[in-house]
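Sequence positions, counted from 1, serve as the residue numbers for this chain.
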Amino acid sequence: MQATKRTVKKTSKRMSGEERKAQIVKVASDLFAKKGFKGTTTREIAKKAGISEAVIFRHFAKKEDLYDAIIDFHCSDEQGEPMLIAILKEKKGREVFSTLASILIEEHQKDPSFLRLFTYSAIEKHRLSDMFIKKRALELIEYLETRIRELIREGVFRQADPALAARAFMGMVLQYSIAQEIYGLKKYFTRPNEAAVSVFVDIFFEGMRRR
């Protein structure tokens, strides 16, 4: 569930504390996504980043601090606010759903690392999975619930459980990304992102439409 990821500036000069911290987060995130949490050590992260383990612990005293920073790196803006919600606040009606689906599908397509990272954490029952759900996933779903309630009040949608409806829409979009990018189905099936988004939003709105 991510928006456009912040990039880490490459520089030949000595890194500032914030730049070094961002580099560690990027390297750790990439390694976790490739090898899982059980297969990645802080020694490997340090070696890949060209630093000592002591530098990692200087910036991240606890592992939870590193995991929290990884979630923010993929899902939050510079102020630590959820990027997706900030974008969706200016949208109305169908545009909320089409924008959300477009961003998720496009970002997972460009960089599936966070999908792999979250998949590993869920399979390995790693704490990052629960941290991500509590910090960002539930927040986004609950925001979507409020927009669905608005459409029900306006008479656009029929009466339905907003929580279930929000999860149905997110499930449709995320399963598509997982199937394409993680399972590898894109080798056998491709459609323009605009076509996929249009179909998913049409299915959802037709199913929720007030009769």
Report summary line: So NZ of K35 and CZ of R116: to nearest 0.5 Å the spacing works out to 14.0 Å

Query raised in the report: If you measure from the Lys or Arg side-chain nitrogens to the Asp or Glu carboxylate oxygens, is any gap between D30 and K34 under 4.0 Å?
Result: no

Report task. Take atom CZ of R210 as the centre, draw a 6.0 Å sphere, and report whether it contains more than 12 heavy atoms from other residues, nucleotides or ligands. Result -> no

Query raised in the report: Are R191 and V199 side-chain neighbours, meaning at least one heavy-atom pair lies under 4.5 Å?
Result: no

Requested in this report: Group every Ile, Leu, Val, Met, Phe, Trp and Tyr by side-chain heavy-atom contacts under 4.5 Å, then state whether I70 and I123 land in the same group.
Outcome: no

Query - Close side-chain approach of M170 to L140, heavy-atom, < 4.5 Å - result: yes

Query raised in the report: Can you name the nearest heavy-atom pair linking A33 to Y120, along with the distance?
Result: O-CE1, 3.0 Å

Requested in this report: Under the ring-ring contact (aromatic ring centres under 6.0 Å, His included) rule, collect the residues that match up with F97, sequence neighbours excluded.
Outcome: F169, F204, F205

Query raised in the report: With a 4.5 Å limit on heavy-atom distance, are the side chains of L104 and L84 in contact?
Result: yes

Requested in this report: Rounded to the nearest 0.5 Å, what's the gap from OG1 on T146 to CG on L151? Could you check?
Outcome: 10.0 Å

Query raised in the report: Could you go step by step and tell me if R136 and D72 meet the side chain to side chain contact (heavy atoms under 4.5 Å, CB included) rule?
Result: CA-CA 9 Å; R136 286 291 176 252; D72 278 339; 3.9 Å; yes

Query raised in the report: Do you know the tightest heavy-atom contact between A166 and I148?
Result: N-CD1, 3.5 Å

Query raised in the report: Who are the side-chain hydrogen bond (donor to acceptor under 3.5 Å, both in side chains) partners of D65, not counting sequence neighbours?
Result: none

Report task. With sequence neighbours excluded, tell me which residues meet ring-ring contact (aromatic ring centres under 6.0 Å, His included) with H126. Result -> F37, Y67

Query raised in the report: Taking atom CG of L117 and atom OG of S129, what is their separation to the nearest 0.5 Å?
Result: 10.0 Å

Query - Within residues 91-105 or reaching into it, pairs that qualify as side-chain hydrogen bond (donor to acceptor under 3.5 Å, both in side chains) - sequence neighbours excluded - result: R94-D202

Requested in this report: Indicate yes or no: at least one non-hydrogen side-chain atom of F157 is less than 4.5 angstrom from one of P162.
Outcome: no

Query raised in the report: Ion pair present between K47 and E44, side-chain N to carboxylate O less than 4.0 angstrom?
Result: no

Query raised in the report: Do S113 and H74 come within less than 4.5 Å of each other through their side chains, counting heavy atoms only?
Result: yes

Query - Qualifying residue for side-chain hydrogen bond (donor to acceptor under 3.5 Å, both in side chains) with Q23, from R20, K21, E19, K26 - result: R20

Query raised in the report: Just wondering, are more than 12 heavy atoms of other shown residues or ligands nearer than 6.0 Å to OH in Y183?
Result: no

Report summary line: Output for pair (K48 NZ, T40 OG1), nearest 0.5 Å, gives 11.5 Å

Query raised in the report: Out of curiosity, L66 CG to I71 CD1, how far, rounded to the nearest 0.5 Å?
Result: 10.0 Å

Report task. State which residue, out of V173, L100, I105, fulfils the side chain to side chain contact (heavy atoms under 4.5 Å, CB included) condition with V197. Result -> I105

Query raised in the report: When you look at Y143 and R147, which way does the side-chain hydrogen bond (donor to acceptor under 3.5 Å, both in side chains) test go after all the steps?
Result: CA-CA 7 Å; Y143 176 78; R147 305 308 293 268; 2.4 Å; yes

Report task. Please tell me if the side chains of F57 and T42 come closer than 4.5 Å, counting only heavy atoms from C-beta onward. Result -> yes

Query - Residue pair A160 / M208: nearest heavy atoms and the distance that separates them - result: CB-CE, 3.8 Å

Report summary line: When every non-hydrogen atom of P112 is compared with those of I182, the smallest separation belongs to O-CD1, 4.3 Å

Requested in this report: Treating Ile, Leu, Val, Met, Phe, Trp and Tyr as nodes and any side-chain heavy-atom pair under 4.5 angstrom as an edge, say whether F200 and L164 lie in one connected cluster.
Outcome: no

**Report entry** Spatial distance of atom CE (M131) from atom OG (S121) [nearest 0.5 Å]
**Finding:** 10.5 Å

Query raised in the report: Is the closest side-chain heavy-atom distance between L174 and H108 below 4.5 Å?
Result: yes

Requested in this report: Please answer whether the main-chain N or O of K38 pairs with a side-chain N or O of E124 as donor and acceptor at a distance below 3.5 Å.
Outcome: yes

**Report entry** Any residue meeting salt bridge (charged side-chain N to carboxylate O under 4.0 Å, His left out) with R149, in chain and number order, not counting sequence neighbours
**Finding:** E145

Report summary line: Paired with D68, the salt bridge (charged side-chain N to carboxylate O under 4.0 Å, His left out) test is passed by just one of K135, K62, K134, K63, namely K135

**Report entry** Listed partners of R209 passing side-chain hydrogen bond (donor to acceptor under 3.5 Å, both in side chains), at least two apart
**Finding:** E206

Query - Positive for side chain to side chain contact (heavy atoms under 4.5 Å, CB included) with L115, one of E107, E181, Q109 - result: E181

Report summary line: Nearest heavy-atom contact between I56 and I45 is CD1-CG2, 3.7 Å

